[in-house]
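Working notes, structure below.
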Amino acid sequence: MPNALARETSPYLLQHKDNPVDWLPWGDAALHRARDLDRPLLVSIGYSSCHWCHVMERESFEDSETAALMNERFVCVKVDREERPDIDALYMEAVQAMTGQGGWPLNVFLTPEQAPFYGGTYFPPAPRFGMPSWRQVLGAVADAWDTQRDEIRAQGQKVAPRLGGGALLTASVEPLEDTALDEAVATLRRSYDSVHGGFGGAPKFPQAPVLEFLLAHGEPPMALQTLRSMAGGGIFDQIGGGFSRYSVDAQWRVPHFEKMLYDNALLARACLHGFQASGDEILRRTCEETLDWALHEMRAPEGGFYSALDADSEGVEGKFYVWTLDELRETLGDDADAAIAWFAATERGNFEGANILESRGPEPAAEQRERIRATLLAAREHRVRPGLDDKRLAAWNALMIAALADAGAVLQRDDYLDAAREAAAFVLDRMRGPDGRLLRTFNAGVARLAAYLEDHAFLLEALLMLYEATFEERWFTAARDLADTIVARFADADRGGFFSTADDHEQLIARRKDLEDSPIPAGGSSAALGLLRLASLTGERRYEDAAAGQIALLHEVAVRHPTAFGHLLQAIDLQLAPRREVALVGDPDGVAALAAVVRETRRAHLVLAGGPGEGRTAVPLMEQRAPVDGRAAAYVCERFACRRPVTEADELRALLDA
């Protein structure tokens, strides 16, 4: 008999519906049962593409004897961390404080009042490598609950107030100085890998927000080398496009093979901005191949985007992606020698006897290169595909909307713009509750779960980008509505900054402010950046004040720890820089020609509006703007103080470059 997870829509939870464990989803039923029975909650948190989550399921959760022990002594709860980032963040912080480490699967034991008292990550079925077995852990925790219940509860009452993330922080009294960002760059330079790019050693993560900060702040070398190294490494799928989650080594060679929607949205956009900053065609191509992969493999029929591809196929990590030398020769025929040299493939391979393909050798001419890619891609389609997590998350869709809109405008790809429009319409129309509020997740035709700060903030940024890419005012209007919700329901009027949950969200043991990019941008940092951009389009001080509250909380720590605060550093950079507002008015062709000038390089400190300049407008920056002598005109402003309008591309370029 399936357990209660059979009624869920999360692919991760559904993976566990046939376990003999009496799993419940997080919710009133589980919490009431724990209180009624006075049993601890055993909360196991993971996600569908998590390799070690699958391992622990096979070893322990599918074992009938282990399941019987879990069912007898605990109320067992399964959580998809991607659906419930609030629960995951709370108990990840607790386990890291208890053990000094974290990760997934995350297994944490709570009192019936939801206070954590023991936890860890993966536990094996038998003791090894100094780790107790899962059954030993279950027995020890159950015995402790039976004999030390009052002490555990008392300790839990002390733990709860410390789980609010940054909720107890107060604003810095130190002024925000222009030199602060130079200090952040210097800190990044000290941890930079000057040979392979990236920051720190193995395992190495892409850290797209940090790369974006460097590009925005006019410090491109570290970002460009990192992007080029990743584009040529095994972390990038040289055949099908798209980036894997991270590299297990320092050379970007051997990836952890799961492909996440958010990584690819963030890295596609970073590659686009790297191309704008450098003119490097490899970065342009990498951006397009990443977005083309997303459109081909991750797009749902209604226009939204799926969440992830698993690392495993046929139970083996990476099997779908690697090639032996014999397979390359048999598949490619006359093109094999050129491909083997290009991919630096060898008889021994670089991953368990096979080759993770890298673009490290001499690249074939364009026609042969595309023929090799197409031939290998067609052959790969006959393999067993990795599992797909087909839920749609509002936040991750927003990141992809922003990437498609940005790339569509810069690269003049109408297919990207159309996909961005469809995804935005899907999120705005289908991921709503009966009250019109944004919801977090969609699957099997149903949207559910209240949206978080990151859902609202990422969508705010995305809709502003989509407006700037299309000049369609419906996206600006929707963005402004989201901003008003963020300020009304997530902002902390007392201490500044933003809570991760709305003021009417389900009450957990603590209401958090999640601070760091881990690995996606922190919701508060995204809110700050989006609100600053909106303030420049509207002239409304309240949006800038709300953003400034987030920056005041964190600017000192962000400068000292820049790898954890890349997105906030972009917001600080925007706040400190002279911001320009550009309004383009006139006929569509004339406006498009002027917009192309604005987009020909990376202009991080600029917002863009456009339209015919006639009649009513929802965008304050467009008010009282008109063509000049019947010609499309550009108004270049700072803080809404505008220079005389110009009509020629060269005049506009000179103003922007001044």
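Numbers for residues simply follow the sequence, beginning at 1. The basis for the numbers below is simple: all heavy atoms, side chains too, and nothing from hydrogens, waters or symmetry mates.
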For Asp573, the salt bridge (charged side-chain N to carboxylate O under 4.0 Å, His left out) test, sequence neighbours excluded, returns none
Do any N or O atoms from the side chain of Arg599 and from the backbone of Asp406 form a donor-acceptor pair under 3.5 angstrom? no
Start with the C-alpha distance between Tyr246 and Phe205, add both sets of side-chain angles, then the distance that settles ring pair (Phe, Tyr, Trp, His ring centres under 6.0 Å), and finish with yes or no. CA-CA 5 Å; Tyr246 62 87; Phe205 290 81; 4.6 Å; yes
Applying ring pair (Phe, Tyr, Trp, His ring centres under 6.0 Å) to Phe275 and not counting sequence neighbours gives none
Qualifying residues under salt bridge (charged side-chain N to carboxylate O under 4.0 Å, His left out), relative to Asp88, sequence neighbours excluded: Arg81
Once you round to the nearest 0.5 Å, how far does CD of Gln570 lie from CG of Leu215? 9.0 Å
Nearest-0.5 Å distance that lies between atom OG in Ser194 and atom CE in Met222: 11.0 Å
Ignoring hydrogens and angles, state whether a donor on the side chain of Thr187 or Arg190 is under 3.5 Å from an acceptor on the partner side chain. yes
Quick one: NE2 on His256 to OG on Ser244, what's the gap to the nearest 0.5 Å? 9.0 Å
Check whether Arg533 reaches the backbone of Leu529 with its side chain - one donor and one acceptor, N or O, closer than 3.5 Å. no
Could you walk me through whether Asp492 and Arg511 pass salt bridge (charged side-chain N to carboxylate O under 4.0 Å, His left out), step by step? CA-CA 11 Å; Asp492 182 349; Arg511 189 182 182 198; over 6 Å; no
Between Arg474 and Arg421, is there a side-chain heavy-atom distance shorter than 4.5 Å? yes
Quick check: are there more than 12 heavy atoms from other residues, nucleotides or ligands sitting under 6.0 Å from CD1 of Ile282? no
Taking all non-hydrogen atoms of both residues, which atom of Leu295 and which atom of Phe305 are closest, and how far apart? CD2-CZ, 3.9 Å
If the condition is ring pair (Phe, Tyr, Trp, His ring centres under 6.0 Å), which residues does Phe490 pass it with, not counting sequence neighbours? His456
If you apply the rule ring pair (Phe, Tyr, Trp, His ring centres under 6.0 Å), what do you find for His51 with Phe257, and how did you get there? CA-CA 10 Å; His51 174 74; Phe257 287 90; over 10 Å; no
For Leu537, does its backbone N or O pair with a side-chain atom of Glu581 as donor and acceptor, under 3.5 Å? no
Minimum heavy-atom separation for Ala394 to Val427, with atom names? CB-CG1, 4.4 Å
Rounded to the nearest 0.5 angstrom, the CG-OG distance for Asp389 and Ser49 is 7.0 Å
Say whether Glu461 and His567, considering side chains only, have a donor N or O and an acceptor N or O under 3.5 Å apart. yes
Between Leu417 and Ala405 the two heavy atoms that sit nearest each other are CD2-O, 3.6 Å
Determine yes or no for a side-chain-to-main-chain donor-acceptor pair under 3.5 angstrom, with Thr226 supplying the side chain and Gly198 the backbone. yes
In terms of relative ring orientation, are Phe442 and Phe426 parallel, tilted or perpendicular, with 30° and 60° separating the classes? perpendicular
Counting N and O atoms only, with roles assigned by atom type, does the side chain of Lys259 sit under 3.5 Å from a partner on the main chain of Asn264, one being a donor and the other an acceptor? no
In terms of the angle between their ring planes, are Phe213 and His217 parallel, tilted or perpendicular, with boundaries placed at 30° and 60°? parallel
Donor-acceptor contact below 3.5 Å, side chain Ser307 vs main chain Lys391: yes
Side chain Glu468, main chain Leu608, donor-acceptor under 3.5 Å: yes
Polar contact flag, side-chain donor to acceptor under 3.5 angstrom, Thr170-Arg495: no
Arg245/Asp263 under salt bridge (charged side-chain N to carboxylate O under 4.0 Å, His left out): CA gap, chis, key distance, verdict: CA-CA 7 Å; Arg245 177 68 197 90; Asp263 280 320; 3.3 Å; yes
Sole residue of Trp396, Tyr47, Phe458 in ring pair (Phe, Tyr, Trp, His ring centres under 6.0 Å) with Tyr262: Trp396
Is there a side-chain contact (heavy atoms from CB on, under 4.5 Å) between Arg489 and Asp504 once you walk through the steps? CA-CA 8 Å; Arg489 293 193 172 272; Asp504 59 349; 3.4 Å; yes
Of all the heavy-atom pairs spanning Met465 and Ala402, show the shortest one and how long it is. CG-O, 3.6 Å
Under 3.5 Å, sequence neighbours excluded: what are the donor-acceptor pairs made by side chains of residues 550-566?
residue	atom	partner	partner atom	Å
Gln550	OE1	Phe498	N	3.4
His555	NE2	Glu174	O	3.2
Glu556	OE2	Ser172	OG	2.3

Which heavy atom of Ala89 sits nearest a heavy atom of Arg512, and at what distance? CB-NE, 3.5 Å
How many angstroms lie between CZ in Phe476 and OH in Tyr467, if you round to the nearest 0.5 Å? 7.0 Å
Does the salt bridge (charged side-chain N to carboxylate O under 4.0 Å, His left out) test come out yes or no for Glu473 and Arg480, once each step is laid out? CA-CA 11 Å; Glu473 291 193 357; Arg480 193 164 186 171; over 6 Å; no
Side-chain donor/acceptor of Ser500 to backbone N/O of Leu453, under 3.5 Å: no
Pick from Asp86, Asp80, Ile87: which one makes a side-chain contact (heavy atoms from CB on, under 4.5 Å) with Glu83? Asp80
Parallel, tilted or perpendicular: which describes the rings of Tyr91 and Trp26, with under 30° parallel and over 60° perpendicular? tilted
Sorted by chain and residue number, the disulfide bond (SG atoms under 2.5 Å apart) partners of Cys287 (sequence neighbours excluded) come out as none
Donor-acceptor under 3.5 Å (Glu219 side chain, Val185 main chain): no
Identify which one of Phe236, Trp252, Trp293 satisfies the ring pair (Phe, Tyr, Trp, His ring centres under 6.0 Å) criterion when paired with Phe243. Phe236
For a quick test of reading the model, state the closest non-hydrogen atom pair linking Tyr306 to Arg299 and the distance between them. CE1-O, 3.8 Å
State whether the side chain of Asp517 and the backbone N or O of Pro519 hold a donor-acceptor pair below 3.5 Å, judged by distance alone. no
If you measure from CZ on Arg84 to CG on Leu90, what distance do you get to the nearest 0.5 Å? 10.0 Å
